[in-house]
Amino acid sequence: MKLRLTGLLITVLFFLIISKNLYSQQVTFTIDTAIETALENNREVKIAFMNVQKADAAVSEAFGYALPSVDLTANYYRFVRKPKMPFPDFEALLTNATYGILFEENVIPRDDNKFKPISTLLQSFVQTNNYEASVQVTQTLFSSAVFRGIGSSKIYYQLAKQDYCNTVSKTILTTRQAFYGALLSKQLYEITKASLDNAEKNLRNVKALYEQGFVSEFDALQAEVQAENIRPAVLQMENMYRDTKEKLKIVMGIDQAADIEVSGEFKYENESLPDVDELVEEALKSNTGIKTLDLKMQVDDAFIDLYRAEYWPNLAAFGNFTYAGSADNWKFQNYSSATIGLGFSMNLFAGGKSKQRVEQAHITALQTEEQLKQLKDFIASEVKGKVNEIARVKSTIEAQQRNVTLAEKAYDIALVRYKEGTGSQLEIQNADMSLRQARTNLLQSIYSYKVTMFELDQLLGKIDPEHQDVLRRIEQ
């Protein structure tokens with residue numbers, strides 16, 4: 001028994017170790033895999049896709065109101081106590097009628113005492129066991145609400161699809177921002193770490209020179225202070241990188257306990273943009289948010305027509321077949337009936353409810369129209385702002401690239417001068433700080449350029465071809 005328990009414990013521990021190792025494996029994401037993961041796991045995308053499915057089902061439901069309706073009903077009931085109602089005494093009526101005929105035909109001598117008084121008795125006219133089954137077919141011939149409802153559901157379906165596209169576009173932008181934010185933090189950490197490595201390398205060289213008596217103790221202390229001053233910045237950049245990865249995991253919708261890395265680089269590609277007026281025109285035509293609100297306006301107009309349809313009459317044809325039976329002793333007497341006909345209904349007065357619903361829907365349409373105008377003004381302003389920002393960043397990137405080259409050269413010169421005895425540790429510190437700042441400024445400018453370009457693409461309603469598959473599934 002002890003051997004079995006020991007074997008079981010060993011097996012459990014083995015699987016725990018294996019699962020822990022598998023769980024702790026590091027996953028590296030590129031920008032494309034990060035976007036694919038986000039589109040697959042993001043909850044807002046899932047909800048938007050469910051809304052598309054829901055709208056598709058609503059279209060089928062609307063068509064269902066125009067198709068024939070077939071209803072089957074059946075019931076059985078047994079009277080535990082039969083209902084009774086006041087009715088003339090049938091026995092007295094029959095007796096009096098019989099004697100009346102006999103007297104009139106002189107069959108027997110007339111005797112008025114033979115007649116019974118007519119009174120009212122409680123009598124039952126139902127049998128104990130009863131059943132009924134019926135089938136009714138109803139076909140709408142004319143109903144403005146039904147026909148309007150079909151059109152409204154189709155527009156609502158298009159709105160749900162467009163809202164899904166809008167959500168996908170926003171998710172792609174959010175993922176790009178989070179990914180490049182993490183990548184920026186990673187490269188800033190690497191720049192600061194490289195600066196620390198340089199400082200530590202310089203410290204080792206200075207200590208070696210100090211031990212040989214070539215430099216003063218003051219220089220050695222300066223080199224050590226420089227290295228220790230950079231170390232907290234390295235820890236700060238490392239924490240920032242960790243925080244940006246946590247935010248990226250939230251955007252991608254993956255487990256917060258997962259160990260991830262980001263892979264990529266900031267490449268500056270000088271893209272030429274069309275005229276700002278052309279970009280504004282394209283944005284007003286293709287922006288997913290504007291398209292969504294435009295379809296929302298169509299839905300609002302459709303609801304106005306739908307509520308107005310309540311003023312129109314409804315006409316339907318129907319047919320009914322009924323089979324029923326009743327008995328006191330389970331020997332049923334069965335019978336059937338069949339009817340066909342037309343049904344007409346029209347509301348003449350409902351307290352003004354239809355009028356108020358039309359008025360509310362009209363106000364909602366006006367609100368959506370104002371929201372659309374406001375959004376168009378905002379999109380136009382945003383496009384112009386992004387174009388100006390891109391132009392500003394582009395004008396600084398080339399200068400910053402040259403500045404990095406100069407800072408690298410200055411740092412190398414400072415090292416050479418110090419080794420030759422013509423420089424100082426202060427020159428090395430200043431050169432290292434300038435180099436780190438130049439690299440940081442260049443990275444931040446490229447990051448700003450790329451993110452602003454992504455935001456401009458989102459305003460223009462652009463989605464890369466490699467991410468179109470997630471949109472095609474709503475067409476299936």
Side-chain angles (χ1 to χ4, degrees), residues 61-150 307-355 357:
E61 178 189 6
F63 273 104
Y65 286 105
L67 298 177
S69 173
V70 181
D71 299 299
L72 171 65
T73 60
N75 60 74
Y76 162 80
Y77 55 93
R78 177 184 175 87
F79 286 106
V80 178
R81 177 178 293 180
K82 295 181 179 180
K84 295 182 179 181
M85 60 180 296
F87 210 80
D89 186 359
F90 284 107
E91 183 180 357
L93 290 174
L94 183 60
T95 300
N96 293 343
T98 302
Y99 277 112
I101 293 173
L102 292 175
F103 291 155
E104 290 179 1
E105 297 296 330
N106 295 320
V107 176
I108 59 174
R110 185 177 184 85
D111 184 1
D112 290 337
N113 292 328
K114 297 289 186 179
F115 292 108
K116 293 184 177 182
I118 303 299
S119 61
T120 301
L121 300 177
L122 290 175
Q123 301 180 62
S124 176
F125 298 93
V126 298
Q127 294 183 302
T128 303
N129 301 299
N130 299 268
Y131 76 88
E132 182 180 85
S134 64
V135 176
Q136 179 159 320
V137 179
T138 306
Q139 172 62 60
T140 299
L141 300 179
F142 176 80
S143 175
S144 182
V146 170
F147 302 145
R148 295 289 184 182
I150 293 174
Y307 291 140
R308 282 176 177 165
E310 296 178 3
Y311 294 115
W312 294 91
N314 297 319
L315 181 65
F318 66 89
N320 179 278
F321 177 79
T322 301
Y323 194 79
S326 61
D328 280 327
N329 54 3
W330 301 103
K331 294 182 179 180
F332 287 95
Q333 293 178 314
N334 302 310
Y335 59 93
S336 62
S337 64
T339 57
I340 58 173
L342 294 174
F344 175 87
S345 64
M346 182 177 180
N347 177 259
L348 299 178
F349 180 72
K353 292 185 293 183
S354 298
K355 178 182 178 181
R357 277 197 286 264

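With hydrogens and angles disregarded, a donor-acceptor distance shorter than 3.5 Å links the side chain of Asp328 to the backbone of Thr128. Put simply, the side chain of Tyr65 never gets that close to the backbone of Ile150: no donor and acceptor are under 3.5 Å apart.
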Query raised in the report: Taking it one step at a time, do Leu141 and Phe344 satisfy side chain to side chain contact (heavy atoms under 4.5 Å, CB included)?
Result: CA-CA 10 Å; Leu141 300 179; Phe344 175 87; over 6 Å; no
Report task. Given side chain to side chain contact (heavy atoms under 4.5 Å, CB included), test Val135 with Val70 step by step and report yes or no. Result -> CA-CA 7 Å; Val135 176; Val70 181; 4.2 Å; yes
Query - Gln136 vs Thr138, side chain to side chain contact (heavy atoms under 4.5 Å, CB included): CA-CA, chis, key distance, verdict - result: CA-CA 7 Å; Gln136 179 159 320; Thr138 306; 3.6 Å; yes
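Interatomic distance, Tyr335 OH to Glu132 CD, rounded to the nearest 0.5 Å: 6.0 Å. The NZ atom of Lys82 sits 5.0 Å away from atom OG of Ser124, with the distance rounded to the nearest 0.5 Å. The structure places CD of Gln333 at 11.0 Å from CG of Asn130, a figure rounded to the nearest 0.5 Å. Residue Thr140 holds its OG1 atom at 7.5 Å from CZ of Phe147, rounded to the nearest 0.5 Å. Here the CZ atom belonging to Arg148 is positioned 11.5 Å from the OG atom belonging to Ser143, to the nearest 0.5 angstrom. Note that CG of Leu93 and CD1 of Ile118 are 4.0 Å apart. Values are rounded to the nearest 0.5 Å.
Checked by atom type, the side-chain pair Thr73/Ser134 shows a donor-acceptor distance below 3.5 Å.
You'll find the side chain of Val126 reaches within 4.5 Å of the side chain of Pro83, heavy atoms only.
Counted within 6.0 Å of CG on Leu67, heavy atoms from surrounding residues, nucleotides or ligands total more than 12; the atom is thus considered enclosed. In the displayed structure, Lys353 atom NZ is contacted under 6.0 Å by at most 12 heavy atoms of other residues, nucleotides or ligands.
For the residue pair Trp330 and Arg78, the shortest heavy atom distance occurs at CZ2-NH1, 3.6 Å. The shortest heavy-atom contact between Asn334 and Gly325 is OD1-CA, 3.8 Å.
A parallel orientation is assigned to the rings of Tyr323 and Phe321, their planes being inclined by less than 30° (bins at 30° and 60°).
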